[in-house]
Trainee: 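Handing you a structure now.
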Amino acid sequence: MSHPPVLLKRNGAWREVGDAVPHSRADGWNLLFKGGLPANVTNLLVMTSGSYPPGTKLRWMVTRPRRDGGTDWYEVGDVRVSKHGRALVVNITTQLPAGEAKLVVLPYRNKAKA
């Protein structure tokens, strides 16, 4: 099964840097980078939008292990579905270390009211 590509624009040309694999427990994607995320990246394009309508905003997250064995999640940017609904436009607002291998795109949660 082929996964949608993750593209990065360098020197005026788009090149494939990874794959968008569906997240196992949420309606989002794990972005897996071949050889790690290059340094100084601020924008990416993911060639899928799933079932989200144009303009939908999503979370862009990175995970880090906790000392107690759990996982901490940190939001590192924002994602929106393109105006034609065919791709996810990713804006990275937090500097990430070069070589980051996996990032996660997830929908915002609806908070239940008691």
Trainee: Can you list the residues that meet the side chain to side chain contact (heavy atoms under 4.5 Å, CB included) rule with Trp73, with sequence neighbours excluded?
Mentor: His23, Met61, Thr63, Thr71, Val104, Leu106

Trainee: Assess the residue pair Trp14 and Leu45 against the criterion (side-chain contact (heavy atoms from CB on, under 4.5 Å)); give the C-alpha distance rounded to whole Å, side-chain angles, the decisive distance to 0.1 Å, and a yes or no.
Mentor: CA-CA 9 Å; Trp14 289 98; Leu45 193 63; 3.8 Å; yes

Trainee: Throw together a table of side-chain donor-acceptor distances under 3.5 angstrom for residues 80-94, partners on residues two or more places apart or in other chains.
Mentor:
unit_1 : atom_1 : unit_2 : atom_2 : d
Ser82  : OG     : Gly85  : N      : 3.4
Ser82  : OG     : Arg86  : N      : 3.3
Ser82  : OG     : Ala87  : N      : 3.3
Ser82  : OG     : Ala87  : O      : 3.4
Thr93  : OG1    : Val76  : O      : 3.3

Trainee: Among residues two or more places apart or on two chains, list those pairs meeting salt bridge (Lys or Arg N to Asp or Glu O under 4.0 Å) that have a residue in residues 47-67.
Mentor: Arg64-Glu100, Arg66-Asp68, Arg66-Asp72

Trainee: Count the heavy atoms of every other residue, nucleotide or ligand shown that sit under 6.0 Å from CD of Gln95, and state whether that count exceeds 12.
Mentor: no

Trainee: About how many Å separate CG of Asn30 and NE2 of His3, when rounded to the nearest 0.5 Å?
Mentor: 10.0 Å

Trainee: If every non-hydrogen atom of Phe33 is compared with every non-hydrogen atom of Val6, which pair is closest and at what distance?
Mentor: CE2-CG1, 3.9 Å

Trainee: Do Val41 and Val79 sit in the same hydrophobic cluster, where Ile, Leu, Val, Met, Phe, Trp and Tyr count as joined when their side-chain heavy atoms come under 4.5 Å apart?
Mentor: yes

Trainee: Holding to side chain to side chain contact (heavy atoms under 4.5 Å, CB included), I want the full list of residues that pass it with Pro54, two or more places apart in sequence or in another chain.
Mentor: none

Trainee: Got a sec, which pairs hit side chain to side chain donor-acceptor pair (under 3.5 Å) with one end in residues 40-56, sequence neighbours left out?
Mentor: Asp27-Tyr52

Trainee: Linking I/L/V/M/F/W/Y whenever any side-chain heavy atoms sit under 4.5 Å apart, do Val105 and Leu96 land together?
Mentor: yes

Trainee: With clusters defined by side-chain heavy atoms of hydrophobic residues (ILVMFWY) lying less than 4.5 Å apart, directly or transitively, does Leu7 cluster with Leu37?
Mentor: no

Trainee: How long is the gap from CG on Leu31 to CG on Asp19, to the nearest 0.5 Å?
Mentor: 9.5 Å

Trainee: List the atom of Val62, the atom of Lys102, and the distance in Å for their closest heavy-atom pair.
Mentor: CG2-O, 4.4 Å

Trainee: Just to verify, what does Lys9 make a side chain to side chain donor-acceptor pair (under 3.5 Å) with, not counting sequence neighbours?
Mentor: none

Trainee: Could you tell me if the side chain of Trp60 sits less than 4.5 Å from the side chain of Leu103, heavy atoms only?
Mentor: yes

